[in-house]
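Here it is, the structure in full.
A, B, ... follow the sequence lines: proteins, then strands. Residue 1 opens every chain. Since the structure is predicted, the reported quantities are computational estimates derived from the model, not experimental observations.
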Amino acid sequence: MLDLKFISENAEFVKDVVKNKKEKANIDELLNLYENKKKLQFSFDNLKATQNKVSKEIAKKKRNKENADDLLAQMKLEAEKVKKINAELSESSKKLENALLRVPNVYNKNVPIGSSEDDNEIVRYEGEKKEFSFKPKTHIEIAEKNHLLDIERGTKLTGSGFPTYVNKGAMLERALINFMLDFHITKHGYTELKVPFMVNRKTMTGTGQLPKLENDMYRITEDDLFLIPTAEVPVTNFYAGEILNEKDLPVKFVAYTPCFRREAGSYGKDTKGLQRVHQFNKVEMVRLVKPENSYEILDEMVADAEDILKALKLHYRVLNLCTGDLSFASAQTFDLEVWAPGAQKYLEVSSISNFEDFQSRRASLRFRGDDGKPHFVHTLNGSGLATPRTFIAILETYQNEDGSIDVPKVLQPYLQGLKKI
RNA sequence: GGAGAGGUGGCCGAGUUGGCUUAAGGCGUGCGCCUGCUAAGCGUAUGUGGGGCUUAACACUUCACCGAGGGUUCGAAUCCCUCCUUCUCCGCCA
């Protein structure tokens, strides 16, 4: 969340942000709630101060065996007032909190203003589109021919969007996960975390999924738990509520988890095969850093994710997301889109974002600085990478005319040396 | 799932017949003094968040926070209720 003081001092800017991010937060209403809460807090504090003082006098009199009936009578009335205003105050605080949690993060000055993905800025292309001497097949055709996926039976087990990987398909998927984890750990210095796949409401609120996206997540109502839509949630919240030492920064975590997304409202869009699914696997990088250089770190994380695509020798492009495509919590996001020759389009495989102190304020993630005082860290995360579309790109890029697939060199050790599927 | 015992400041730990404790004492840490150096010793400071005052910061002042949320009371770390959680034992189970 944003700092209330910041919002009140930059109200017009924040209103622009809400508009450009296509959010709904009402800033004027929020500021009214803020003023109202401050007033109530002031009255409450003053009443409490009186009450505390007189209660001490009563205590003193009682100790001295003096009569305190008049004070007691007086305080009885005061107590009523305190109770009443306290109720108003907590009501007001709750409303303010709820409103504040729905205000999106501000974006930084390098984010292009725009309303949809068409306004995203293409930063650069890396590598070349592979030339084929034949018409490249789609991943669905290739998977079918080699029996790598069983979409129908996955659907039978659960429903559409829950793909089941079979035999070499399952092995290739697992190889990808292991390769990416090892790569980030050994080449980029990340520490692996293996986290729960369900989290509670507080954790979901910490990274900004709640309250806004409750309908986009799978929920265990019995225990009020949510299936994570990304490892970002448990990993970023790992140190929630703590004050870290400056020397503990930067924190660099990498974690593999499955991700669960209802994708409500996107039915029928890109649903073919693995393009858009309800459950998928992802290796996620998360960093907690000092505020001063978080944008350098963002570039570094983009490079970390790119390194995977480079190692797999896949063609891709880098996008700087415009305001309209930027998520609620992000200050700036770069997407990596990999080229899929069969589908003849670029597919998003990674999203790397700097949240500045938006998440750390929500989750209370702080470090003690040189000045001895706590400061909010900046949080960043990025996929490194999501597997389904990477899987698609591998199948489609490495396919041969006879329908077989060459295994990318870096994955061969993870498939017992297998060179061809 | 059942039974019992706990959850206090960075850490340890007192406080549970409600009121000179709006958290004692210790450790750790910062600063100062002392001292060939170090250690010891002495002194002093040391939580988080919000509000008021202030151009702002400092300072000052005030409120809240003793697992979380309610309640009783003039007054709650202390009493009552609900929940969470840790440990021990039992049961069930991969």
Inset, instruction - Between B:U82 and B:A23, how far apart are the P atoms? Round to whole Å, please. - result: 30 Å
Legend entry - Test: A:Lys187 cationic atom under 6.0 Å from A:Phe183 six-membered ring centre, within 45° of axis: yes
Legend entry - A:Lys83 NZ to B:G75 C1', straight-line distance once rounded to whole Å: 14 Å
Legend entry - Under 4.0 angstrom between A:Arg366 side-chain N/O and B:U48 OP1 or OP2: no
Inset, instruction - Answer with yes or no whether the side chains of A:Thr207 and A:Glu232 bring together a donor and an acceptor at under 3.5 Å. - result: no
Inset, instruction - Could you give the distance separating B:U16 and B:A59 at their C1' atoms, to the nearest angstrom? - result: 39 Å
Inset, instruction - Hunt down the Watson-Crick or G-U wobble partner of B:C37, both distances under 3.5 Å, from any strand shown, or write none. - result: none
Legend entry - Euclidean distance for P, B:G15 against B:G30 (whole angstrom): 31 Å
Legend entry - Side-chain donor-acceptor pair present, A:Tyr190, A:Asp304, cut-off under 3.5 Å: yes
Inset, instruction - Between B:G50, B:U48, B:C74, spot the one nearest the side chain of A:Pro374, thanks. - result: B:U48
Legend entry - Side-chain donor-acceptor pair present, A:Tyr316, A:Glu306, cut-off under 3.5 Å: yes
Inset, instruction - For B:U72 versus B:U61, give the span between their P atoms, rounded off to a whole number of Å. - result: 33 Å
Inset, instruction - Return the value, rounded to whole Å, for the distance between atom CG of A:Leu77 and atom C1' of B:G75. - result: 15 Å
Inset, instruction - Go through the side-chain N and O atoms of A:Gln41 and A:Asp45 and say whether any donor and acceptor fall under 3.5 Å apart. - result: yes
Inset, instruction - Determine the contact category for A:Glu78: base if any of its heavy atoms lies under 4.0 Å from a base atom, sugar-phosphate if only primed atoms, P, OP1 or OP2 are that close, otherwise nothing. - result: nothing
Legend entry - Watson-Crick or G-U wobble mate for B:A57, both contacts under 3.5 Å: none
Legend entry - Pair partner, B:G9 [Watson-Crick or wobble, under 3.5 Å]: none
Inset, instruction - Report yes or no: do A:Thr203 and A:Asn237 form a side-chain donor-acceptor pair below 3.5 Å? - result: no
Inset, instruction - For A:Gly372 and for A:Lys94, find the nucleotide of RNA chain B with the closest heavy atom, then tell me which residue's nucleotide is more 5'. - result: A:Gly372
Legend entry - A:Glu88/A:Lys84 ion pair, N-O < 4.0 Å: yes
Inset, instruction - Taking A:Arg389 for its side chain and A:Gln275 for its backbone only, find out whether a donor-acceptor pair lies under 3.5 Å. - result: yes
Inset, instruction - Could you tell me whether A:Lys202 contacts a base, only the sugar-phosphate backbone, or nothing, with contacts defined as non-hydrogen atoms closer than 4.0 Å? - result: nothing
Legend entry - Nearest-angstrom distance from the residue atom CG of A:Leu47 to P of B:G52: 16 Å
Inset, instruction - For each nucleotide in nucleotides 58-66 of chain B, reading 5' to 3', give B when a protein heavy atom comes within less than 4.0 Å of its base, S when such contact involves only the sugar-phosphate, and - otherwise. - result: S---SSS--
Legend entry - Between B:C74 (C1') and A:Glu66 (CD): distance, integer Å: 16 Å
Legend entry - B:C74 to B:C83 separation - C1' atoms, rounded to the nearest Å: 30 Å
Inset, instruction - Rounded to whole angstrom, note down the P distance from B:A77 over to B:A64. - result: 10 Å
Inset, instruction - Measure from CG on A:Asp69 to P on B:G75 and round the result to the nearest Å. - result: 16 Å
Legend entry - Distance, P atom - from B:C84 to B:G69, rounded to whole angstrom: 15 Å
Inset, instruction - Rounded to the nearest angstrom, tell me the gap between atom CG in A:Leu244 and atom C1' in B:U48. - result: 15 Å
Inset, instruction - Would you please say whether a donor-acceptor pair under 3.5 Å links the side chains of A:Asp307 and A:His188? - result: yes
Inset, instruction - Tell me yes or no: between the side chains of A:Asp150 and A:Tyr165, is some donor less than 3.5 Å from an acceptor? - result: no
Legend entry - salt bridge (Lys or Arg N to Asp or Glu O under 4.0 Å) partner of A:Glu23, the single match among A:Arg102, A:Lys212, A:Lys15: A:Lys212
Legend entry - Close side-chain approach of A:Leu227 and A:Met217, heavy atoms under 4.5 Å: no
Inset, instruction - For A:Lys5, report the nucleic acid contact type (base, sugar-phosphate, nothing); a contact means any heavy atom under 4.0 Å. - result: sugar-phosphate
Inset, instruction - Name the pairing partner of B:C65, where a pair is Watson-Crick or G-U wobble with both distances under 3.5 Å, or state none. - result: B:G47
Legend entry - Length of the line joining A:Leu100:CG and B:G50:P, which is rounded to integer Å: 12 Å
Inset, instruction - Grab the NZ-C1' distance between A:Lys39 and B:G52 for me, whole Å please. - result: 15 Å
Legend entry - A:Tyr34 vs B:G51: side-chain N/O to OP1/OP2 distance below 4.0 Å: yes
Legend entry - Donor + acceptor pair across side chains of A:Gln209, A:Glu214 (<3.5 Å): no
Any N/O pairs under 3.5 Å between the protein and nucleotides 6-12 of chain B? List them or say none.
none

Legend entry - Identity of whatever pairs with B:C89 - Watson-Crick or G-U, under 3.5 angstrom: B:G2
Atom pairs under 3.5 Å, N or O on each side, protein against nucleotides 17-20 of chain B: can you list them with distances?
{"unit_1": "B:G19", "atom_1": "O2'", "unit_2": "A:Arg63", "atom_2": "NH2", "d": "3.3"}
{"unit_1": "B:G19", "atom_1": "N2", "unit_2": "A:Ser55", "atom_2": "O", "d": "3.1"}

Inset, instruction - Tell me the partner of B:C74, counting only Watson-Crick (N1-N3 plus N6-O4 or O6-N4) or G-U wobble (N1-O2 and O6-N3) with both under 3.5 Å; none if nothing fits. - result: B:G19
Inset, instruction - Write down the distance separating the P atoms in B:G67 and B:G9, rounded off to the nearest Å. - result: 8 Å
Legend entry - Between A:Asn108 and A:Gln332: side-chain donor-acceptor atoms closer than 3.5 Å: yes
